[in-house]
Amino acid sequence: MLALCHSKIISMNIDLIATQLETTGYLVLQQALDAELITALATRCHDDDDNRFKTAHIGRGADKQHISSIRGDVISWLEDEDATDSVFLAQMESLRSGLNQRLFLGLFDYECHYAIYDAGMGYAKHLDVLQGKKNRILSTVLYLNQDWQEGDGGELDVYDANGETVIATVQPRLGTMIIFLSETFPHAVRLSNNTRRSIAGWFRVNGS
Ligand code: OGA
Ligand code: MN
């Protein structure tokens with residue numbers, strides 16, 4: 001089944017999202033949220049406030065490292081206190097409860113951050129499950145690039161479970177969202193030739 005849907009706003013299509021996750025394990029929505037919200041989120045995804053965005057790291061705790069050749073973004077976690085962020089978080093909350101009702105995933109919460117990749121940056125092939133902490137179940141990435149063109153780079157390559165074959169390439173266009181099973185699909189961000197903006201997020205089960 002083709003995992004690409006045209007103009008599907010999340011809140012109206014939870015049945016379809018659940019079905020795709022059950023069958024292919026991932027899906028791409030081309031207009032995941034209404035246009036006004038997407039524009040407001042894109043505006044929030046700018047590194048213009050001192051110290052809001054920080055260098056992203058790989059690993060956790062003692063293993064935490066920053067190697068920009070592996071992961072080159074700067075990130076800022078969304079905050080319920082911000083008017084725009086809270087609308088997005090509420091929509092993801094309704095997706096969380098809707099998927100739990102349909103798929104019994106036991107999703108407990110959702111964490112997400114804005115990410116900005118400068119030109120020349122990417123993210124090498126990886127799985128989103130943090131070592132020793134298998135609590136990320138579903139990954140989401142919402143793209144916030146207004147005028148993304150072929151040649152700008154920064155596409156997301158999604159691999160099969162073996163990590164050998166690319167099964168989908170997603171262009172990081174404004175309003176596109178990919179949702180995929182975190183433990184199943186290795187993925188990589190191709191080097192971007194332009195500033196690349198997104199929100200990466202994870203639905204988690206209660207790890208403790
Ligand atoms: C991540 C990630 C993909 C993307 O942040 O873990 O894989 O397309 N992001 O931005
Ligand atoms: Mn990832």
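Whatever order the structure lists ligands and atoms in, that order sets their numbers, starting from 1.
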Closest to atom 8 (O) of ligand 1 among protein heavy atoms sits Tyr143 OH, 2.6 Å
Using a strict 4.0 Å cut-off to heavy atoms of Asp128, name the atoms of ligand 1 that fall inside it.
6 (O)
Proximity to ligand 1 by part of Val170, non-hydrogen separation under 4.0 Å
neither
Answer yes or no for Phe185: is there a heavy-atom contact with ligand 1 below 4.0 Å?
no
Tell me, do Arg197 and His46 make a side-chain contact under 4.5 Å, heavy atoms counted?
yes
Between His187 atom NE2 and Asp128 atom OD1, the angle centred on the Mn ion (ligand 2) rounds (to 10°) to 100°
Using the benzene-type ring in the case of Trp, are the ring centres of Tyr159 and Phe185 under 6.0 Å apart?
no
Return the residue, atom name and 0.1 Å-rounded distance of the protein heavy atom closest to atom 5 (O) of ligand 1.
Ala200 CB, 3.7 Å
Any heavy atom of Arg196 under 4.0 Å from ligand 1? The part involved is side chain
Picking from Val141, Leu142, Leu95, what satisfies side chain to side chain contact (heavy atoms under 4.5 Å, CB included) with Ile179?
Leu95
Looking at the rings of Phe180 and His187, which for Trp means the six-membered one, are their centres under 6.0 Å apart?
yes
Looking only at atom types and distance, does a side-chain atom of Trp148 sit under 3.5 Å from a main-chain N or O of Tyr143, one as donor and one as acceptor?
no
Shared ILVMFWY cluster between Ile58 and Val129, side chains joined below 4.5 angstrom?
no
To check your reading of the model: name the closest protein heavy atom to atom 1 (C) of ligand 1, its residue, and the distance in Å.
Tyr123 CE1, 3.7 Å
Judged by modelled atom types alone, do Tyr117 and Asn194 share a side-chain donor-acceptor pair under 3.5 Å?
no
Does ligand 1 come near enough to His187 that some N or O of the ligand is less than 3.5 Å from an N or O of the residue?
yes
Distance-only N or O hit between ligand 1 and His126, under 3.5 Å:
yes
Pull out every atom of ligand 1 sitting under 4.0 Å from any heavy atom of Trp202, numbered as shown with elements.
6 (O)
Go through ligand 1 atom by atom and flag the ones less than 4.0 Å from a non-hydrogen atom of Val189.
3 (C), 4 (C), 8 (O), 10 (O)
If the plane angle is over 60° it's perpendicular, under 30° parallel, otherwise tilted; pick one for Tyr110 and Phe203.
tilted
Out of all atoms in ligand 1, which are within 4.0 Å of some heavy atom of Val141? Include the element for each.
3 (C), 4 (C), 8 (O), 10 (O)
Is there any side chain to side chain donor-acceptor pair (under 3.5 Å) pair reaching into residues 88-99, and which pairs are they, with sequence neighbours excluded?
Glu93-Arg96
